[in-house]
Peer 1: 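Below you will find the structure I want to go over with you.
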Amino acid sequence: MDFQDSPDEANFRTECQQWLAANAQRKARSNEVYGQGMDAQARLQASRVWQGKKAVAGFGAITWPVAFGGRGGTPMQELIFRQEEGHYSVPGNAFSVSLGMVIPSLFVHASPAVRERHVGPALRGEELWCQLLSEPGAGSDLGMVRTRAERCTDGRDGWLINGQKVWTTWAQFADFGTVLTRTDPNVPKFDGLTSFYIDMKSPGVSIRPIRQASGEAEFNEVFMNDVFVPDSQRLGEVGKGWKVTMTALMNERLSIGGVMPPELWRTAATMMRDAQFAGQSALKDGRMRERLADLYLNAQGLWLLQCRGLTELGKGKEPGPELSVSKIVGARTLQDYAYCAIDLQGERGVLASDELGEDWQQVESLWFGAAGMRIAGGTDEIVRNNVGERVLGLPAELRNDKGVPFNQLVS
Ligand SMILES: Cc1cc2nc3c(=O)[nH]c(=O)nc-3n(C[C@H](O)[C@H](O)[C@H](O)COP(=O)(O)OP(=O)(O)OC[C@H]3O[C@@H](n4cnc5c(N)ncnc54)[C@H](O)[C@@H]3O)c2cc1C
């Protein structure tokens with residue numbers, strides 16, 4: 001493939017640059033972190049406004065079909081926009097789950113009336129969606145979901161949902177959520193699941209934010225106690241909830257994964273130059289230069305892998321393992337960078353960025369956040385299993401629950 005922009009891509013990049021220059025503030029430093037001192041609600045509000053602006057300008061959902069309000073653009077255009085956006089001080093994307101996963105699954109599995117009602121407000125950032133999949137006993141293996149949905153027996157055309165979800169990103173602020181439930185425990189685990197969407201303010205929904213080490217509470221426990229959901233809010237057929245979930249998860253994969261913060265290796269080089277290690281600039285130490293070289297090579301390798309994956313997508317092919325491998329390497333690289341930066345500070349590394357200065361905000365945010373990236377959307381181990389089985393052709397994991405009714409798997 002050609003790693004330079006094609007003429008069309010170059011034109012698109014110019015369009016993005018011009019729009020961003022007119023609508024956002026360029027970062028003062030490449031490692032600037034948006035929203036310091038703002039609470040989560042204020043950051044979310046800023047993210048809503050930014051998403052609204054992008055939607056009006058045609059950058060709100062670049063790869064969505066035009067019929068749904070998107071641009072009908074290519075994944076490469078999406079990546080170009082994100083690269084350019086990375087140079088600007090703009091809110092983090094609170095809508096990646098809404099727009100990257102949930103709403104694309106509504107395109108396929110919701111009725112025209114539901115799409116008509118919900119797609120526009122989500123695209124403009126007016127309504128936030130969350131995804132209620134994981135439970136205390138069902139994360140890597142969502143086939144073990146226990147949250148029940150049972151037909152109402154009181155004449156109402158709907159269902160009652162009971163159960164608990166966990167790790168639900170932004171549930172405390174979300175307007176709606178898709179929920180994976182068990183409707184038939186008598187069949188094998190993936191066959192008895194059904195998807196719905198619920199209004200997060202419905203009676204019977206209670207949300208408990210989980211406080212993280214950073215002090216933030218990005219995700220939540222969600223308890224559902226006799227939550228009524230009309231049958232019109234069912235997504236897909238009864239018993240086909242796994243198919244709906246797979247549509248969302250596939251879209252997550254197609255939403256490209258993250259873009260590395262711009263110039264991360266250069267930021268690391270500056271830190272090493274300025275830090276003292278064994279009585280001299282850390283950059284003079286071979287071991288430190290080796291860590292810098294690893295960071296540079298990983299960042300370059302990721303970029304090339306991403307290009308390869310996007311080329312496949314652009315040709316209408318399924319991407320190979322590139323995007324999965326990118327997730328493993330990208331999250332690990334960001335975590336290594338944060339650890340290295342903190343190691344360089346010696347005992348001062350225990351101080352917070354308020355005391356160390358604004359250059360440390362990015363390190364701090366990656367130090368707290370990168371571990372979660374290695375879990376969300378499939379843990380490192382699960383992604384490696386997939387690569388092993390699907391790419392390297394290694395023997396599949398033993399699955400002795402295959403064909404066994406769900407109610408025989410749980411005590
Ligand atoms: C930042 C963040 C945001 C999230 N947002 C959401 C959200 O919005 N909605 C939602 O539903 N969920 C969300 N999650 C949950 C996430 O999807 C799960 O945490 C993830 O799938 C792992 O599940 P688990 O935590 O139950 O771990 P488990 O599945 O219990 O795994 C525990 C450990 O065992 C390992 N393991 C499990 N099975 C295997 C195997 N077969 N082979 C080898 N090792 C294995 C895992 O790798 C892991 O190390 C989020 C998580 C994070 C960190």
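Order of listing sets the numbers, starting from 1, for every ligand and every atom in it. Side-chain atoms are counted along with the backbone in the values below, which use heavy atoms only and exclude waters and symmetry mates.
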Peer 1: Whether Arg291 and Asp336 form a salt bridge (side-chain N of Lys/Arg under 4.0 Å from carboxylate O of Asp/Glu) is what I want to check.
Peer 2: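 Looking at Asp336 and Arg291, the cut-off is not met.
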Peer 1: Could you tell me whether Arg266 and Glu263 make a salt bridge, using a distance below 4.0 angstrom between a side-chain N and a carboxylate O?
Peer 2: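 Salt bridge present between Arg266 and Glu263.
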Peer 1: What is the nearest protein non-hydrogen atom to atom 6 (C) of ligand 1, stated with its residue, atom name and distance?
Peer 2: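 Of every protein heavy atom, Trp167 O, 2.7 Å lies nearest to atom 6 (C) of ligand 1.
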Peer 1: Relative to ligand 1, is Trp170 under 4.0 angstrom through side chain, backbone, both or neither, heavy atoms considered?
Peer 2: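 Answer for Trp170: neither.
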Peer 1: Strictly distance-based, threshold 3.5 Å: is any side-chain N or O of Gln172 a donor or acceptor partner for the main-chain N or O of Ala217?
Peer 2: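 Between the backbone of Ala217 and the side chain of Gln172 there is a qualifying donor-acceptor contact (under 3.5 Å).
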Peer 1: Does the protein come close to atom 33 (C) of ligand 1 - that is, does one of its heavy atoms sit below 4.0 Å from that atom?
Peer 2: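 No.
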Peer 1: Any carboxylate oxygen within less than 4.0 angstrom of a Lys/Arg side-chain nitrogen, looking at Glu9 and Arg13?
Peer 2: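 So Glu9 does not pair with Arg13 through a salt bridge.
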Peer 1: Test your reading of the structure: does Leu133 have an N or O sitting under 3.5 Å from an N or O of ligand 1?
Peer 2: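 Such a contact does occur with ligand 1.
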Peer 1: Provide, to 0.1 Å, the distance between atom 24 (P) of ligand 1 and the closest protein heavy atom, together with that atom's residue and name.
Peer 2: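 Its nearest protein heavy-atom neighbour is Gly139 CA, 4.0 Å.
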Peer 1: Could you check whether Asp141 pairs with Lys189 (Lys NZ or Arg NE/NH1/NH2 to Asp/Glu carboxylate O, under 4.0 Å)?
Peer 2: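 Result for this pair is yes, salt bridge flagged.
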Peer 1: May I ask whether atom 46 (C) of ligand 1 is less than 4.0 Å from at least one protein heavy atom?
Peer 2: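 Yes, at least one protein heavy atom sits under 4.0 Å from atom 46 (C) of ligand 1.
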Peer 1: Would Glu135 and Arg182 pass as an ion pair if we require N to O under 4.0 Å?
Peer 2: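 Salt bridge absent between Glu135 and Arg182.
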Peer 1: Would the distance check show the side chain of Gln361 and the main-chain N or O of Glu32 forming a donor-acceptor pair, the cut-off being under 3.5 Å?
Peer 2: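 No, because the side chain of Gln361 does not come within donor-acceptor range (under 3.5 Å) of the backbone of Glu32.
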Peer 1: For atom 8 (O) of ligand 1, what's the nearest protein heavy-atom neighbour? Residue, atom name and distance, please.
Peer 2: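 Checked against all protein heavy atoms, atom 8 (O) of ligand 1 sits closest to Thr169 N, 2.9 Å.
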Peer 1: Nearest protein heavy-atom contact for atom 20 (C) of ligand 1: which residue, which atom, what distance?
Peer 2: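 Of the protein heavy atoms, Ile375 O, 3.8 Å lies nearest.
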Peer 1: For ligand 1, which atoms have a heavy atom of Gly372 less than 4.0 angstrom away?
Peer 2: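 Close to Gly372: 53 (C).
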Peer 1: Do Pro104 and Trp64 come within less than 4.5 Å of each other through their side chains, counting heavy atoms only?
Peer 2: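 With C-beta onward as the side chain, the pair touches.
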Peer 1: For atom 1 (C) of ligand 1, what's the nearest protein heavy atom and its distance?
Peer 2: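 For atom 1 (C) of ligand 1, the nearest protein heavy atom comes out as Phe219 CE2, 3.4 Å.
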Peer 1: Should Asn385 be listed as contacting ligand 1, given a heavy-atom distance under 4.0 Å as the test?
Peer 2: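 Yes, Asn385 has heavy atoms under 4.0 Å from ligand 1.
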Peer 1: Counting only nitrogen or oxygen atoms and a 3.5 angstrom limit, does Glu397 reach ligand 1?
Peer 2: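 Indeed, backbone or side chain, Glu397 has an N or O that close.
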Peer 1: Do me a favour and list the nearest non-hydrogen protein atom to atom 28 (P) of ligand 1 with residue, atom name and distance?
Peer 2: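 Checked against all protein heavy atoms, atom 28 (P) of ligand 1 sits closest to Ser140 OG, 3.7 Å.
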Peer 1: Between the side chain of Gln233 and the main-chain N/O of Tyr197, is any donor-acceptor distance below 3.5 Å?
Peer 2: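 Side chain of Gln233 to backbone of Tyr197: a pair is present.
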Peer 1: Can any side-chain N or O of Ser47 pair as donor or acceptor with the backbone N or O of Ala94 at less than 3.5 Å?
Peer 2: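 At least one qualifying donor-acceptor pair exists.
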Peer 1: Is there a protein heavy atom at a distance of less than 4.0 Å from atom 13 (C) of ligand 1?
Peer 2: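 Yes, because at least one protein heavy atom sits under 4.0 Å from atom 13 (C) of ligand 1.
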Peer 1: For Thr379, is at least one N or O under 3.5 Å away from an N or O on ligand 1?
Peer 2: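 So ligand 1 has an N or O lying under 3.5 Å from an N or O of Thr379.
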Peer 1: Tell me: protein heavy atom nearest atom 49 (O) of ligand 1, and distance?
Peer 2: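 Result: Glu381 OE1, 3.6 Å.
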Peer 1: Between His109 and Ser195, does the side-chain contact (heavy atoms from CB on, under 4.5 Å) criterion hold? Intermediate values first, please.
Peer 2: CA-CA 10 Å; His109 300 288; Ser195 285; over 6 Å; no
Peer 1: Could Arg26 and Tyr88 be counted as a cation-pi pair, given that NZ or CZ must be under 6.0 Å from the ring centre and within 45° of the axis?
Peer 2: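 Cation-pi check for Arg26 and Tyr88: passes.
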Peer 1: Please report which non-hydrogen protein atom sits nearest to atom 16 (C) of ligand 1, along with the residue it belongs to and the distance in Å to one decimal place.
Peer 2: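 Result for atom 16 (C) of ligand 1: Ser134 OG, 3.8 Å.
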Peer 1: Could you tell me, atom by atom, which parts of ligand 1 come under 4.0 Å of a heavy atom of Ile382?
Peer 2: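 Reading through ligand 1 atom by atom, the close ones are 38 (N), 39 (C), 40 (C), 41 (N).
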Peer 1: Please say whether Gln131 places an N or O atom under 3.5 Å from an N or O atom belonging to ligand 1.
Peer 2: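 Right, the criterion is met.
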